[in-house]
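The analysis underlying the following values was restricted to heavy atoms, covering all of them including side chains, and did not include hydrogens, waters or symmetry mates. Just so it is clear: chains get the letters A, B, ... in the order the sequence lines come, proteins before strands, and each one is counted from 1.
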Number of protein chains: 4
Amino acid sequence: MTMDFMKDKPIYQQLVDLICGDIIRGSLKPGDRLPSVREYAVEAGVNANTMQRVYKELEQMDITETKRGQGTFVTENRERLAELREETMLGLVESFIHNMESLGFTQREMIEVLQSKERGE
Amino acid sequence: MTMDFMKDKPIYQQLVDLICGDIIRGSLKPGDRLPSVREYAVEAGVNANTMQRVYKELEQMDITETKRGQGTFVTENRERLAELREETMLGLVESFIHNMESLGFTQREMIEVLQSKERGE
Amino acid sequence: MTMDFMKDKPIYQQLVDLICGDIIRGSLKPGDRLPSVREYAVEAGVNANTMQRVYKELEQMDITETKRGQGTFVTENRERLAELREETMLGLVESFIHNMESLGFTQREMIEVLQSKERGE
Amino acid sequence: MTMDFMKDKPIYQQLVDLICGDIIRGSLKPGDRLPSVREYAVEAGVNANTMQRVYKELEQMDITETKRGQGTFVTENRERLAELREETMLGLVESFIHNMESLGFTQREMIEVLQSKERGE
DNA sequence: GTGGTCTAGACCACT
DNA sequence: GTGGTCTAGACCACG
């Protein structure tokens, strides 16, 4: 499964976001082992170094842990994961609000747009 | 007034976005004259080339018009402006929904968060 | 000036430590521009990518700032620098104490050794 | 008792250091028998190969001796142990001084910090 | 086999 | 010219 990447964001970032999403959403659970750097690199159709960087980034965010020679695992620190979910969501919401406000929309209007999207689209 | 820029987005983009926002929001109205490239460059604390590119970009989006020797003006084509407002807004909303969904949130939840933000904080 | 590196610690780490030291010691001051990645790479006799990584690390520590196309600068946030100095020093001291204690030395003895080093050696 | 290891130092090294500490401190005395490789491996939650290497390392440092079929014992050569204690301590002290000096601290300041730690905290 | 470091060289966007 | 990304491939220490 080679992936398709947006061209305006670095590949490694997109992969970080993807894996974060998997963890937050719960399709990757605490303690789960991630594929090896090389496996994942092949699977995603990127260079091993790029994947390496992804893993490093994840570890710096404290959402994975590395056990030498054994692999990379989703942290068992559930607090951290809850925190991650919360801060990621808040970040999205706030930047959404900020951007919409700078276009002159009120929060009431934002809610209305979302509601219309929910029903119809 | 040197500005502070996000480091992950090109400066010229941020300036484009900023001016677009001003126009959409109405603090810049159809027919209004924008500062000269050089003035604005100084004001924003930016290289003149960068500002040049901003103006070029705005013109390509058909939201400004350049009159030789007189300066750059917000287009009087109100349809285009309405359109811009709409497409910008829809882009924001859709990417917001997309990102939130990839975190496992439903549209219902998104609305709730926005509502809580509206009341509280 | 090609440098000599310890072999048990990654080169990029040693360079990070070196530059941190320069900043903490004050031989690099807030606002100072660091050499370009490529210049420094040549000077230190390492690959440009390695140097790149060093700069990235420094930026993540919030002790340098990058201005696109202009270069990398020591942060002007003096608080952060003072904090860095303090936390680095405390880290050293605490790990020193910890290691010495695990050899059965008391803090009194540590001080005595240091005092003897100060006078004679 | 699975142990927690620093991630920047090899596990086997940390175990060597730990046991050295026990010996230097005297909680393991000359002539004492160490657990078998397998026992210790289980106890520490470590691969048996890793533990094997630890024991090999200790023997190469001349601070343990292996008697075939009987096990591994702390050497009875007390001179060697005293020497070990001394060289370990000097190593720590010198690298401490070196690191602190490269941060711009004088030996006088180091002593003061240690003294404050002794009284306070 | 695992993660990690380093090199060498290409290419890109931004200023 | 600046920082940044990506590839390709080698090599290492660890478990």
(request) With sequence neighbours left out, write down each residue that passes salt bridge (charged side-chain N to carboxylate O under 4.0 Å, His left out) with A:Glu83, or none if nothing qualifies. (result) A:Arg80
(message) Test of understanding: with side chain to side chain contact (heavy atoms under 4.5 Å, CB included), list the residues that count as partners of B:Lys7, not counting sequence neighbours.
(response) C:Glu59
(message) By nearest heavy atom, map A:Val46 and C:Thr66 onto DNA chain F; which one lands nearer the 5' end?
(response) C:Thr66
(request) Report the distance from atom NZ of A:Lys7 to atom P of E:dC14, rounded to the nearest whole Å. (result) 12 Å
(request) For C:Leu15 and E:dT5, give me the distance from atom CG to atom P, rounded to whole Å. (result) 13 Å
(request) Starting from C1' on E:dT7, measure out to CZ on C:Phe5 and report it in whole angstrom. (result) 14 Å
(request) Let me know the distance between CD of C:Glu57 and C1' of E:dT5, rounded to the nearest Å. (result) 12 Å
(request) Starting from P on E:dT2, measure out to CD on A:Glu65 and report it in whole angstrom. (result) 19 Å
(request) Can you sort out the partners of D:Lys56 under side chain to side chain contact (heavy atoms under 4.5 Å, CB included), two or more places apart, ordered by chain and number? (result) D:Gln60
(request) For A:Gln52, enumerate each residue passing the side chain to side chain contact (heavy atoms under 4.5 Å, CB included) test, keeping only those at least two apart in sequence or located in another chain. (result) A:Val37
(message) If you assign each of C:Val37 and A:Ala48 to its closest nucleotide in DNA chain F, which residue comes earlier from the 5' end?
(response) C:Val37
(request) Measure the distance from CZ on C:Arg33 to P on F:dT2 and round it to the nearest whole Å. (result) 6 Å
(request) Produce a footprint string for nucleotides 10-15 of chain F: one letter per nucleotide, 5' end first; B if the base is under 4.0 Å from any protein heavy atom, S if only the sugar-phosphate is, - if neither. (result) -B--SS
(request) Quick one: label B:Gln52 by what it contacts on the DNA or RNA (base, sugar-phosphate, nothing), any heavy atom closer than 4.0 Å. (result) nothing
(message) List the residues meeting salt bridge (charged side-chain N to carboxylate O under 4.0 Å, His left out) with A:Lys67, not counting sequence neighbours, and say none if there are none.
(response) none
(request) Rounding to 10 degrees, work out the angle separating the end axes of the helix from E:dG1-F:dC14 to E:dC14-F:dG1 (five pairs an end). (result) 10°
(request) Starting from C1' on E:dG3, measure out to CD on A:Glu39 and report it in whole angstrom. (result) 13 Å
(request) Kindly say if A:Thr72 contacts the phosphate of E:dT2, meaning a side-chain N or O under 4.0 Å from OP1 or OP2. (result) no
(request) Check whether more than 12 heavy atoms from other residues, nucleotides or ligands sit under 6.0 Å from atom CG of A:Asp4, and answer yes or no. (result) no
(message) Just the rounded figure in Å: distance from P of F:dG3 to CE of C:Met51.
(response) 10 Å
(request) Would you please classify the geometry between the D:Phe96 ring and the C:Phe96 ring as parallel, tilted or perpendicular, with 30° and 60° separating the classes? (result) parallel
(request) Give every residue pair that meets the side chain to side chain donor-acceptor pair (under 3.5 Å) criterion with at least one member in residues 68-78 of chain A, sequence neighbours excluded. (result) A:Glu65-A:Thr75
(request) Name all residues meeting the side chain to side chain donor-acceptor pair (under 3.5 Å) criterion together with C:Arg85; count only those two or more places apart in sequence or in a different chain, and write none if there are none. (result) none
